[in-house]
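The next block holds one structure in the form of structure tokens; read it before the comments.
Below, each value reflects all heavy atoms present in this structure, side chains not excepted, and no hydrogens, waters or symmetry copies. Given the structure is predicted, the values throughout are model-derived calculations rather than measurements.
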Amino acid sequence: MDGTDEADDSSAGWSTWDLLRIGALGLLVLLLVNAFVVRPFSVPSRSMEGALQPGDRLLVNQLAYVFGGEIERGDVVVFDGTGSFLPYADETPPVRRFLSAAGLNPGDGSVYVKRVVGVGGDRVTCCGTDGRLRVNGVPLDESAYLYAGDAPSTVRFDVVVPVGKLWLMGDHRSASRDSRDHLGEPGGGFVPESKVIGRADWIVLPVGRWTSLDRPTSFAQVEGTGGHGGAR
């Protein structure tokens, strides 16, 4: 028997059932990765311009804060706004949460992307006589990410972030509904760390915008002034 016959016999050994099992296993692995490791997210609005554009496709690292990693100032995070940005919304049932995480449910508009400005224990104020936002009294240089032409905030505030919660703001401040807009609502605009789905680490689509989302170096100015945020 020549080599051609042996190749034909080998290919004939793959039954339809074998191919279905391989396909099902691949789908299961993909769903598990999507649900627990890296989750795709499509930016829905202009609130994070110019770091992010509407329609940008992100890869969200869901393990970034699992093994002892802390959420830090400057991180861009994707989170469930139920109970904070949506203070009166009912909690999403567990099955729907899993389907959404696995990419099998389109979602109900409760998931947001914003930048972490304050972590538990931080005092965040805006704005001083110089018009700058301050964290623990340190004025932030926001030129690396603040949308061109925007003021740090047109809303004055002076808050202390409770332990285990976050103060989140969009980079396009004049187009962002963020922690500032919920000061008078239940939760005070603070988002529980437990509601963070993961850290947005990469823009992967469109191809021309493929880049990593690194933490701005300006947040290192605040290191050691309070809260738990440090430098990566």
Side-chain angles (χ1 to χ4, degrees), residues 38-62 64-65 71-81 84-85 107 109-119 122 124-128 130-135 138-157 159 161 166-183 189-191 195-223 229-232:
V38 178
R39 175 176 175 177
F41 178 77
S42 183
V43 177
S45 72
R46 300 180 59 202
S47 70
M48 282 295 293
E49 292 178 320
L52 306 176
Q53 304 292 329
D56 280 352
R57 195 72 170 173
L58 310 178
L59 287 185
V60 179
N61 181 358
Q62 297 183 102
Y65 309 121
I71 301 171
E72 298 183 11
R73 309 178 192 96
D75 285 351
V76 175
V77 296
V78 172
F79 63 98
D80 180 358
S84 55
F85 281 32
S110 65
V111 179
Y112 298 81
V113 57
K114 303 291 181 189
R115 190 179 299 278
V116 178
V117 175
V119 297
D122 283 342
V124 187
T125 61
C126 197
C127 292
D130 58 359
R132 295 168 70 179
L133 185 150
R134 283 172 163 73
V135 179
V138 178
L140 282 182
D141 177 3
E142 299 192 278
S143 58
Y145 55 88
L146 188 64
Y147 186 72
D150 269 8
S153 180
T154 58
V155 176
R156 299 183 66 86
F157 58 86
V159 299
V161 184
L166 306 167
W167 180 264
L168 303 173
M169 300 175 73
D171 290 354
H172 191 169
R173 301 282 161 78
S174 62
S176 176
R177 293 206 67 209
D178 48 41
S179 288
R180 299 168 296 167
D181 294 274
H182 303 282
L183 282 167
F190 303 110
V191 175
K195 290 290 189 175
V196 171
I197 295 167
R199 186 180 65 212
D201 280 352
W202 288 88
I203 302 173
V204 293
L205 291 173
V207 174
R209 288 183 47 74
W210 192 359
T211 187
S212 62
L213 294 171
D214 299 320
R215 184 182 304 116
T217 57
S218 57
F219 282 91
Q221 304 170 73
V222 194
E223 184 181 0
R232 185 186 301 171

Starting at SG of C127, measure out to CZ of R156 and round the result to the nearest 0.5 Å.
7.0 Å
Would you mind reporting whether I197 and Q62 have side-chain heavy atoms less than 4.5 Å apart?
yes
Please work out whether the ring planes of F79 and Y112 are parallel, tilted or perpendicular, with thresholds of 30° and 60°.
parallel
Any donor-acceptor pair under 3.5 Å linking the side chain of R173 with the backbone of G170?
yes
Scanning both residues in full, the closest heavy-atom pair of R57 with S42 reads NH1-CB, 3.3 Å
The reported gap from CG in L58 to CZ in R39 (rounded to nearest 0.5 angstrom) is 11.5 Å
Qualifying residue, where the test is side chain to side chain contact (heavy atoms under 4.5 Å, CB included) with R132 and the options are L140, V138, D141:
D141
Do S179 side-chain atoms and F190 backbone N/O form a donor-acceptor pair below 3.5 Å?
no
Rounded to the nearest 0.5 angstrom, the NZ-CZ distance for K195 and F85 is 13.0 Å
R115 and its salt bridge (Lys or Arg N to Asp or Glu O under 4.0 Å) partner, picked from D75, D171, D178
D171
Quick one, V119 with L166, criterion side-chain contact (heavy atoms from CB on, under 4.5 Å). Give me CA distance, side-chain angles, the key distance, then yes/no.
CA-CA 5 Å; V119 297; L166 306 167; 4.0 Å; yes
Within-4.5 Å side-chain heavy-atom neighbours: H182 and R177
yes
Taking all non-hydrogen atoms of both residues into account, name the closest pair between Q53 and E49 and its distance.
OE1-OE2, 3.1 Å
With a 3.5 Å distance limit and no angle check, can you tell me whether D122 reaches the backbone of V124 through a side-chain donor-acceptor pair?
no
Between A51 and I203 the two heavy atoms that sit nearest each other are O-CD1, 3.7 Å
With distance as the sole test, does R215 use its side chain to make a donor-acceptor pair with the main-chain N or O of R73 at under 3.5 Å?
yes
Atom pair CG (L52) and CZ (R209), whose distance is rounded to the nearest 0.5 Å:
7.0 Å
Between atom CG of L133 and atom CZ of F157, what is the distance when rounded to the nearest 0.5 Å?
4.5 Å
Please test W167 against R180 for side-chain contact (heavy atoms from CB on, under 4.5 Å), starting from the C-alpha separation and ending with a verdict.
CA-CA 9 Å; W167 180 264; R180 299 168 296 167; 3.8 Å; yes
Least distance between heavy atoms, V113 atom then M48 atom
O-CG, 3.5 Å
Applying side-chain contact (heavy atoms from CB on, under 4.5 Å), run through H172 and S47 and close with a yes or a no.
CA-CA 5 Å; H172 191 169; S47 70; 5.6 Å; no
Minimum heavy-atom separation for P216 and G74, please, with both atom names.
CD-O, 3.7 Å
Minimal non-hydrogen separation, G198 against Y65, with atom names:
C-CE1, 4.3 Å
W202 CH2 to L213 CG distance, which is reported to the nearest 0.5 Å
9.0 Å
